[in-house]
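Here is the structure we will look at.
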Amino acid sequence: MTLTEKLSFVRPSADPKALGEAGYIPGVPRLGVPELRLVDGPAGVRLPQPTTALPVPVALASAFDAELARRYGQVIAREGKALGQDVSLSPMVNTIRVPQGGRNYETFSEDPLVTAKTAAAEIEGIAGEDMIPTVKHFALNNQENNRSEVSVTIDDQALHEVELPGFAAAVDAGAGSVMCAYNKVNAEHSCGNNALLNDILKTQLGFQGWVMSDWGAAHAPTDLTAGLDQEMHWIGRQQSFFGAPLDAALANGTVPLAALDDAVARILGQMERYGFLHGERIRPELDLAAGAAVAQKVAEEGAVLLKNEDAALPLTSATTSIALIGPTAKHPKIGGGGSAAVIPAFAASPLDAISSRADAGTKVSWTSGIPESGTPIPTDALSPASLLDSTGTAPLAQGKNVSYTGKLTVPADGTYSFVLDAPLGYATLRIDETSIAASIQEPATGSIRLTKGGHSVSFRGLALSATPTTMNLTWITPADGAAARAKAVEQAKTVHTPVVFAYDNATATADRDSLSLPADQDLLISEVATANPRTVVVLNTGSAITMPWISKVSAVLNMYYPGQNGAEATARLLYGDINPSGKLTQTFPASDTATPIAGNPSNYPGVENVVTYSEGIHAGYKWYNKTGATPLFPFGHGLSYTTFDYHGVSAKQENDTLTVRLTLKNTGKRAGKEIVQVYAGPSAELAVPQVERKLVGYQKVDLKPGENQRVEITIPLKEFSSWNTATQTWELGTGNRQIFVGSSSANLPLTFTTNISEMRGAAG
């Protein structure tokens with residue numbers, strides 16, 4: 001190859017076909033090396049056309065089902081290939097550390113085993129269709145606030161035990177590329193971090209593929225020698241370090257040609273591995289019906305029944321009238337914002353789906369409970385005068401920021417919601433130095449409690465394409481909200497069962513400012529439940545929320561962002577056509593102040609651009625076990641319409657595995673699935689820090705009413721190992737280990753002790 005041809009692999013080009021993907025590499029036609037198109041895909045193929053909008057990854061993980069994750073990956077790959085794409089920028093395996101994290105919905109879990117098993121299966125699904133999977137974001141991109149500036153300080157053991165297992169499993173499963181992150185790790189940019197990329201990823205984990213930057217995350221041409229193989233950025237809108245600066249560095253010897261050769265060879269190696277160099281690629285027809293079937297299955301299997309008192313669910317023929325309340329009951333909440341947003345092939349509303357499923361004679365009505373749209377902010381409420389016209393709209397042009405900084409005067413105390421929309425652009429809103437909303441090519445809503453009088457406000461917008469577009473900003477005042485709530489409360493009094501659909505608006509680039517529902521939805525649910533205690537709540541949220549109304553409502557069904565078939569899945573779950581079987585892959589805190597990162601700004605969001613993972617290996621539920629803090633709902637929690645009995649447990653070590661055996665019985669009157677979870681206590685013979693209990697295995701079991709089944713869960717002995725920083729190896733925790741078996745991290749009815757002995761290769 002010529003130098004120019006080599007360089008074309010390590011920096012993006014404009015796609016002559018303009019298919020709308022995230023990145024494009026032209027290939028070398030004279031040598032028969034085809035072009036590469038890279039497409040966003042955590043929850044489906046993100047292109048400017050309809051594709052299957054899958055439930056979000058955290059819902060997938062909540063199914064605890066590797067085969068379903070494999071099918072999820074297959075849908076992404078088949079649709080991506082059908083639409084001319086070659087590299088899927090998924091899955092994301094970063095740890096859910098910050099409960100209010102803006103991208104928690106795009107990843108899997110706070111637990112490394114759940115993340116690793118789900119990621120590996122999804123990658124196998126993508127790779128099995130000869131599309132190149134990309135695992136991201138390496139590493140520790142676990143918050144969106146200040147993500148491009150923050151440096152993560154973490155100890156070596158916590159890095160290996162909490163964050164790296166998902167990446168290691170992805171590498172083993174066939175990930176062709178790894179995307180490095182915006183943040184720094186231990187003071188070095190992730191995309192120029194030699195210890196992270198060369199020492200850990202490429203040497204320790206044995207990764208043979210290529211490392212690409214997140215868009216705009218490279219910082220110097222010398223990143224090429226530190227392990228970065230390909231710079232990706234938005235062409236025309238960001239500086240390219242692998243453009244002219246790399247040309248100069250190669251010419252003056254600052255960057256050796258061998259580093260470029262290695263990067264190109266890594267990319268070509270994966271193209272060879274995935275069949276790109278074996279002649280013209282065979283692309284399937286787009287099969288949206290097949291995608292829809294998987295989308296609905298994931299939505300059904302990943303739904304988590306959090307509460308169900310007095311058999312409020314499933315709904316029956318006795319439910320003669322239903323009031324659906326909330327905007328997302330009529331306008332379905334499909335997914336989150338940012339790079340995981342997908343244009344759905346179709347999407348029914350819960351109102352239509354529930355009306356169709358309801359028994360004959362059941363009356364189904366709907367009321368918003370929250371104003372459906374904002375109204376323009378009065379011109380005299382902004383000082384100085386803003387660029388917004390009387391409808392709250394300002395034009396956006398590519399490459400030209402529209403920005404405003406001034407004072408917003410509000411007429412009364414209360415919660416104000418703001419609706420920000422930049423259909424073909426990017427826009428942000430801050431009030432009193434708090435990030436309220438970030439719109440990336442779709443509407444975003446944020447709320448803040450304000451006192452009467454003046455408040456600082458700033459907003460800005462930028463077009464993301466050459467097509468002229470607009471930014472629109474409106475608000476919903478406390479008076480607007482009170483009127484809508486009053487109407488919903490009156491409706492709730494007249495029906496047998498109110499079903500409130502609650503939502504949030506998680507997106508890339510911003511974390512939520514709290515765990516409360518936006519737009520006074522907590523107050524809406526509380527008032528509706530006070531009026532009618534049979535109230536059921538359906539959550540269309542991206543991550544953990546607090547529930548100050550939990551004692552008032554009868555049932556809570558967590559659907560997360562359920563994708564395009566979420567309405568049909570919700571209706572089937574509410575009526576018991578499907579028995580809920582999902583389990584939480586993250587702890588739901590009791591309050592904003594009772595979390596592993598609360599109370600100390602150095603834990604989050606950081607001090608002077610440094611965030612410290614002071615919890616170390618005690619991440620997620622392990623912190624709750626250590627501190628004794630009581631969560632709202634523990635990791636692994638999830639109810640069913642039937643009941644299960646655990647008994648007769650034993651274990652046997654064979655070769656490099658431990659097999660836990662128990663008998664599980666369905667003691668109820670409905671068929672149902674239970675996710676049996678196995679946790680291990682610490683080893684007295686292991687001289688490194690350990691957690692009180694860690695998940696080491698799980699299995700989903702499907703039982704008919706009254707059925708007994710002998711369950712066997714085979715666990716690799718490496719799950720009983722800890723990372724020894726001094727020796728830089730995994731060390732098996734031998735000797736007597738307590739084993740706990742049950743339905744969640746906090747409900748473990750079976751406990752016994754087994755001896756773990758050293759076996760050759762056990763520590764892996």
Side-chain angles (χ1 to χ4, degrees), residues 61-62 64 95-99 104 108-116 142 154-155 157-163 165-166 304 306 515 543-544 546 583-600 603-604 612-638 646 649 658 660 675-698 713 715 719-723 733 735-754 756:
S62 298
F64 284 76
T95 305
I96 296 178
R97 176 182 183 259
V98 177
N104 286 354
F108 297 126
S109 180
E110 67 186 32
D111 179 79
L113 180 64
V114 175
T115 295
N142 300 326
I154 186 171
D155 71 77
Q157 184 182 359
L159 175 64
H160 281 80
E161 293 191 14
V162 179
E163 178 79 353
V304 184
L306 296 175
L515 298 178
S543 187
T546 49
K583 302 281 188 176
L584 291 180
T585 64
Q586 59 186 306
T587 306
F588 275 40
S591 71
D592 288 56
T593 58
T595 77
I597 55 96
N600 185 348
N603 287 335
Y604 174 82
T612 302
Y613 283 32
S614 63
E615 72 277 14
I617 60 173
H618 299 277
Y621 64 89
K622 298 160 190 172
W623 178 86
Y624 289 86
N625 290 341
K626 178 184 178 183
T627 63
T630 301
L632 179 63
F633 294 110
F635 171 87
H637 171 76
Y646 289 72
V649 69
L658 181 77
V660 176
I675 298 166
V676 180
Q677 301 163 46
V678 181
Y679 296 79
S683 164
E685 298 180 7
L686 198 57
V688 298
Q690 298 171 74
V691 298
E692 290 187 16
R693 286 192 299 276
K694 61 173 285 191
L695 183 70
V696 292
Y698 56 83
I713 302 175
I715 303 165
E719 297 303 329
F720 298 91
S721 301
S722 295
W723 180 256
N736 289 335
R737 302 285 295 264
Q738 269 198 303
I739 306 297
F740 309 84
V741 183
S743 62
S744 80
S745 62
N747 183 24
L748 299 165
L750 302 181
T751 304
F752 67 100
T753 299
T754 191
I756 302 292

Closest heavy-atom contact between [X] and [Y]?
X	Y	value
A680	R737	CB-NH2, 4.2 Å
V678	V741	CG2-CG2, 4.3 Å
E110	T95	O-CG2, 3.9 Å
L306	H637	O-NE2, 3.0 Å
I739	F720	CD1-CE2, 3.9 Å
V114	D111	N-OD2, 3.1 Å

Taking the side chain as everything from C-beta on, heavy atoms only, tell me whether [X] gets closer than 4.5 Å to [Y].
X	Y	value
S745	F740	no
L658	I756	yes
P99	T587	no
L632	T546	no
F633	V304	no
Y698	L113	yes

Hey, could you give me the [atom1]/[atom2] distance between [X] and [Y], rounded to the nearest 0.5 Å?
X	Y	atom1	atom2	value
S109	F64	OG	CZ	6.5 Å
S591	L515	OG	CG	8.5 Å
K622	K694	NZ	NZ	6.5 Å
Y624	H618	OH	NE2	15.0 Å
S743	Y646	OG	OH	5.0 Å
I96	N104	CD1	CG	4.5 Å

**Asked** Going through the distances and angles, do Y613 and V162 end up as a side-chain contact (heavy atoms from CB on, under 4.5 Å)?
**Response** CA-CA 11 Å; Y613 283 32; V162 179; over 6 Å; no
**Request:** Answer yes if the side chains of Q157 and S722 hold a donor-acceptor pair under 3.5 Å, and no otherwise.
**Result:**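 The criterion, which ignores hydrogens and geometry beyond distance, is not satisfied for S722 and Q157.
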**Request:** Give a yes-or-no answer on whether the side chains of S614 and T612 include a donor-acceptor pair shorter than 3.5 Å.
**Result:**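 No, no side-chain donor-acceptor contact under 3.5 Å.
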[X] side chain vs [Y] backbone, donor-acceptor pair below 3.5 Å:
X	Y	answer
K583	V676	no
T115	G166	no
E719	G697	no

**Request:** May I ask you to decide whether R97 forms a salt bridge with E615, counting only side-chain N to carboxylate O separations under 4.0 Å?
**Result:**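 A salt bridge links R97 with E615.
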**Request:** Start with the C-alpha distance between Y604 and T595, add both sets of side-chain angles, then the distance that settles side-chain contact (heavy atoms from CB on, under 4.5 Å), and finish with yes or no.
**Result:** CA-CA 11 Å; Y604 174 82; T595 77; over 6 Å; no
**Asked** Under the side-chain contact (heavy atoms from CB on, under 4.5 Å) criterion, do E161 and V691 qualify, and how do the steps go?
**Response** CA-CA 11 Å; E161 293 191 14; V691 298; 5.7 Å; no
**Item:** CA sep, side-chain torsions, deciding dist, call: Q690, S683, side-chain contact (heavy atoms from CB on, under 4.5 Å)
**Value:** CA-CA 8 Å; Q690 298 171 74; S683 164; 3.8 Å; yes
**Request:** Measure the acute angle between the ring planes of F635 and Y679, then classify it against the limits of 30° and 60° as parallel, tilted or perpendicular.
**Result:**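 If you compare the ring of F635 with that of Y679, the planes turn out perpendicular.
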